[in-house]
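The structure displayed is predicted, hence computed values, not measured ones. Lettering of chains follows the sequences in order, A, B, ..., and the numbering in each one begins at 1.
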Number of protein chains: 2
Amino acid sequence: MSQIKKRSECPISCSLDIWGDKWSLLIIRDMIFYKKSSYGEFLKSPEGIATNILASRLQNLEENGIIGKSEHPDSKAKFLYKLTEKGIDLIPIFVEIHLWYAKYSGVPAEFKAAVSAATQDKEAYVRSIKDAWRKAAS
Amino acid sequence: MSQIKKRSECPISCSLDIWGDKWSLLIIRDMIFYKKSSYGEFLKSPEGIATNILASRLQNLEENGIIGKSEHPDSKAKFLYKLTEKGIDLIPIFVEIHLWYAKYSGVPAEFKAAVSAATQDKEAYVRSIKDAWRKAAS
DNA sequence: CGGTTTCACTTGCATAATGCAAGTAAACAT
DNA sequence: ATGTTTACTTGCATTATGCAAGTGAAACCG
């Protein structure tokens, strides 16, 4: 089911064909920045994704190798979703989006520290998020 | 008409609410990397955007301050669309998308040089694209 | 053990976004 | 004057998303 549609061979276009819909990046954001890892947690996000859309996006992200799905240590009724390396490597894109938005629209207070850190040393900031994520997910 | 919908206060979510649809980033890509600046040129892109969608996306991007619309020097029947500073500052996001895709899916030969340049010195590469764009648009 | 709750979905149907073909009006070219 | 180019608009088909309710397996609770 993966990669049925591909509007062109352009890397930008192909990337958007994978995760350029209304919800995929928000799910990934939840995993990266809020350490979420289960269906129920994603549903609680303030944007309010619908249950059927969430299921379909998770499946698509899995088929594209951006997240992995496995048994949840807490319960057999749950699943544990976690980013693959391919998913972790989307972090720099999020950082750039964050900086762009902060520059032109400002950000809520809770994000100021992150923006400041990213502005001072982007590489180090990306590395710190990756490390934090790997730690939390291990 | 601008900013009617905003799913949350999250910078990522807000950014996606501005340009996170199926087409906006491809129009901006055409302006940045292919120096396109008119309706007719955008229509010719390989992905094949529909005329009504193109018109609506151009209007939205203008309302959000990402592009500007002005008279075309060649003809009064045409308009000239160009990126604002806010639009130019999306370039780092494109570069990261490009690198991500190249890392996991490879890119056609015509993009190899760009990926190599971006990998060696990202800051310099972003600067060179910005400069090239400003030159072409002046 | 049996009933209730939790969890991760699926299903059916409404609405919104996008796709397609044709049409329009102003400017331009001959 | 006439046909062409340009930037759209309009109407309708199709696809994506939104919403509410339902389902089945596992967990929890007395």
Report the distance from atom CG of Asp74(A) to atom C1' of dT6(C), rounded to the nearest whole Å. 13 Å
Distance test, side-chain N/O of Tyr81(B) to OP1/OP2 of dC8(D), below 4.0 Å: yes
Salt bridge flag under 4.0 Å for residues Glu85(A) and Lys130(A): no
Roughly how many Å is it from CG in Leu58(B) to C1' in dT9(D), rounded to a whole number? 14 Å
Return no unless some side-chain N or O of Ser75(B) is found under 4.0 Å from OP1 or OP2 of dC28(C). yes
Using a cutoff of under 3.5 Å, can you pull out all pairs of nitrogen or oxygen atoms linking the protein to nucleotides 23-25 of chain C, with atom names and distances?
none

Is any NZ, NE, NH1 or NH2 atom of the basic residue among Lys35(B) and Glu41(B) found under 4.0 Å from an Asp or Glu carboxylate oxygen of the other? no
In whole Å, what is the span from the CD1 atom of Ile53(A) to the P atom of dC9(C)? 14 Å
On the six-membered ring of Trp19(A), is Arg57(A) placed so that its NZ or CZ lies under 6.0 angstrom from the centre and within 45° of the ring axis? no
Where does the angle between the aromatic ring planes of Phe42(B) and Tyr81(B) fall among parallel (under 30°), tilted (30 to 60°) and perpendicular (over 60°)? tilted
How about Leu80(A) and Glu71(A): do any of their side-chain heavy atoms sit closer than 4.5 Å? no
Does Ser38(A) reach a base, just sugar-phosphate, or nothing at all? Heavy atoms under 4.0 Å. sugar-phosphate
Can you tell if the side chain of Phe33(A) reaches within under 4.5 Å of the side chain of Phe94(A), non-hydrogen atoms only? yes
Please figure out whether Leu43(A) or Ser56(B) has its closest DNA chain C nucleotide nearer the 5' end. Leu43(A)
Is any NZ, NE, NH1 or NH2 atom of the basic residue among Arg29(B) and Glu47(B) found under 4.0 Å from an Asp or Glu carboxylate oxygen of the other? yes
What is the distance, rounded to the nearest whole Å, between atom CD of Glu47(A) and atom P of dC19(D)? 13 Å
In whole Å, what is the span from the NZ atom of Lys78(B) to the C1' atom of dA27(C)? 12 Å
dG19(C) phosphate, OP1 or OP2: any side-chain N/O from Trp23(B) under 4.0 angstrom? yes
Euclidean distance, atom CG of residue Leu80(B) to atom P of dT6(D) [Å, nearest integer]: 14 Å
Hydrogens and angles aside, do Lys36(A) and Ser45(A) bring a side-chain donor and acceptor to less than 3.5 Å of each other? yes
Where do N or O atoms of nucleotides 21-25 of chain D meet protein N or O atoms at under 3.5 Å, pair by pair?
none

Test your reading of the model: is there a side-chain donor-acceptor pair from Thr84(A) to the backbone of Gly68(A), 3.5 Å cut-off? no
Does the side chain of Lys76(B) get closer than 4.0 angstrom to OP1 or OP2 of dT6(D) through an N or O atom? no
With respect to the phosphate group of dT18(C), does any side-chain polar atom (N or O) of Arg57(B) fall under 4.0 Å of OP1 or OP2? yes
